[in-house]
Novice: 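Handing you this structure, nothing more for now.
Sequence positions, counted from 1, serve as the residue numbers for this chain. In this text the structure is predicted, and so the values were computed from the model without any measurement. Whatever order the structure lists them in is the order used to number ligands and atoms, beginning at 1. The figures here come from the full heavy-atom set of this structure, side chains too, leaving out hydrogens, waters and symmetry mates.
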Amino acid sequence: MHLFSSLILLPALCHALPSGRDSSSSDTQYTTSAAEKTLNPYPDHRVLAFRNSSTEGEYNFRLTVFSDVHFGENPWDAWGLEQDRKSLALMREVLEKDEEAIDYVVLNGDLITGENTFRENSTDLINQLLTPFIEHGVPFSTTHGNHDNQPNITHAAEIERELSIAPTQSFTRIGDADVGGVGGPGNYWVPVYLHESDPTPILVLWFFDSRGGFSTTPGQAIDDWVDDSVAKWIETESAKMNEAWGTEDRHALAFMHIPSHHIEQTQDELDSSKTPGQNGDSLGRGSTQDSALATRDQPFWDSLNTNVKNLIAVVSGHDHGNEWCARESSKDVVFCFAKHSGYGGYSRTGWGRGVRHFELTVQEGTEGVNAETWIWVKEGGEERARVTLGEDYGR
Ligand SMILES: *[C@@H]1O[C@H](CO)[C@@H](O)[C@H](O)[C@H]1NC(C)=O
Ligand SMILES: *[C@@H]1O[C@H](CO)[C@@H](O)[C@H](O)[C@H]1NC(C)=O
Ligand SMILES: *[C@@H]1O[C@H](CO)[C@@H](O)[C@H](O)[C@H]1NC(C)=O
């Protein structure tokens, strides 16, 4: 078993090597292909592309979402350390289960239970929690949550540490200084191509910083919604893409830790026969962006749903008891909760821990992207709530 795992890790470790300027490694190939692309923010990274499925002319891209891993909770007792060990075991099980299958990993916020961490070593937790992904060599990126902004930790500090240990494996970026507002630097997009050599992407992954939590200045809360500056940024970035790529014809997936406040209404309209998945967490104060006033994420929600076409789903964590995908009726967009993946963070008996998988499939010569998604739960190894997110989903 050990021999087997170290053998299969070899190609993965090659991918993890810093690429780009090192001409001795095979990573140079990624660089050449990446540099030829128009409007590519990642000239030094490998090109993210769909892979051939076993069916001729069919391509797949599997993206797996880990959410709310909540590392470093209760570091002062045995319980806390045990939770992190269990979270690492879950990550490794998911990554090793289907060795070749995962093309991209998203860690969708609340990486750290920041209110429990110490200033001098809080970002060491980033090294710990990213270890399985770095060892496995899978490309990944992160969003950040309300527990990642706390007196001894910030979103920016977590991102800087992540980029220092996985500079070309991580696709996370810090946005321009005037985008994101206080405590919200993590706004970026990532292109995914159908074939590695394509000049333009078929899919863009968007990542937004929903902020929340507290400032490093004691007692100062940080706004818990995506800042208005991001609404404008989505518009300008989309216009740049349309211009550079000569088309609006691409698909998208969007990720942010705290869901839009519109999801509260979606929960009231849920029909579990159409939208399966656990619905254990009743949404209310603190559960969605700006749940107190329920207006401040409106510019963001409007801009996202106006400028980003063919949005397959918007994916959030934050509410650990919920797993459903449903149609948000004000924008006619599918929203999905991820799955609580960490053993830190609140939970209840029966909720379990796991991940959400997306399997995207494209047939050569057709326009559409077929999107299947489901939840895998560690307890019992169960797969559930498998759905296809087409035009009719959730109606
Ligand atoms: C993928 O499939 C296409 C045709 O569908 C083929 O031309 C190509 O060589 C395949 N690539 C790999 C890596 O198998
Ligand atoms: C922040 O870190 C300092 C230094 O380790 C520690 O004394 C303090 O208790 C921490 N504060 C919080 C709120 O955890
Ligand atoms: C961080 O430092 C504190 C005290 O300074 C220590 O108790 C704790 O074990 C350290 N945590 C990690 C993850 O190194």
Novice: Enter the distance from E135:CD to L130:CG here, rounded to the nearest 0.5 Å.
Specialist: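 Answer rounded to 0.5 Å: 11.0 Å.
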Novice: So, for H144 and H257, is the gap between ring centers shorter than 6.0 Å?
Specialist: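 Judged by ring-centre distance (under 6.0 Å), H144 and H257 do not meet the cut-off.
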Novice: Before signing off on this row, confirm whether N52 and ligand 1 have an N or O atom pair separated by under 3.5 Å.
Specialist: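 Among all N and O atoms of N52, at least one is under 3.5 Å from an N or O of ligand 1.
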Novice: For Q150 and ligand 2, answer yes if some heavy atom of the residue is under 4.0 Å from a ligand atom, otherwise no.
Specialist: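 Contact check Q150 vs ligand 2: negative.
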Novice: Do NZ/NE/NH1/NH2 and the carboxylate oxygens of K240 and E243 come within less than 4.0 Å?
Specialist: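 Looking at E243 together with K240, the answer is no, because their closest N to O distance does not fall below 4.0 Å.
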Novice: Identify, by atom number and element, the atoms of ligand 2 in contact range of E115, meaning under 4.0 Å from any of its heavy atoms.
Specialist: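 Those of ligand 2 that fall under 4.0 Å from E115 are 14 (O).
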Novice: Calculate, to the nearest 0.5 Å, the distance between atoms CD1 and CZ belonging to I102 and R62 respectively.
Specialist: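 That separation rounds to 7.0 Å.
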Novice: Would R211 pass as a cation-pi partner of W225, given that its NZ or CZ must be under 6.0 Å from the six-membered ring centre and within 45 degrees of the axis?
Specialist: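 Judged by the rule, R211 and W225 form a cation-pi pair.
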Novice: Among F140, W233, Y188, F171, which residue satisfies the ring-ring contact (aromatic ring centres under 6.0 Å, His included) criterion with F207?
Specialist: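 When F140, W233, Y188, F171 are each tested with F207, the ring-ring contact (aromatic ring centres under 6.0 Å, His included) holds only for Y188.
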Novice: Run the ring-centre check on Y193 versus F50 and record whether the distance is less than 6.0 Å.
Specialist: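 For Y193 and F50, the ring centres are not under 6.0 Å apart.
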Novice: Could I get the full list of side chain to side chain contact (heavy atoms under 4.5 Å, CB included) partners for S341, not counting sequence neighbours?
Specialist: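 Applying side chain to side chain contact (heavy atoms under 4.5 Å, CB included) to S341 gives F66, V69, L90, V355.
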Novice: For ligand 3, what is the set of protein residues having any non-hydrogen atom at a distance below 4.0 Å?
Specialist: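 Close residues (ligand 3, cut-off 4.0 Å): F118, E120, N121, Q128.
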Novice: Should the proximity of Y59 to ligand 1, defined as any heavy atom under 4.0 Å, be assigned to the side chain, the backbone, both, or neither?
Specialist: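 For Y59, the contact with ligand 1 is made by the side chain alone.
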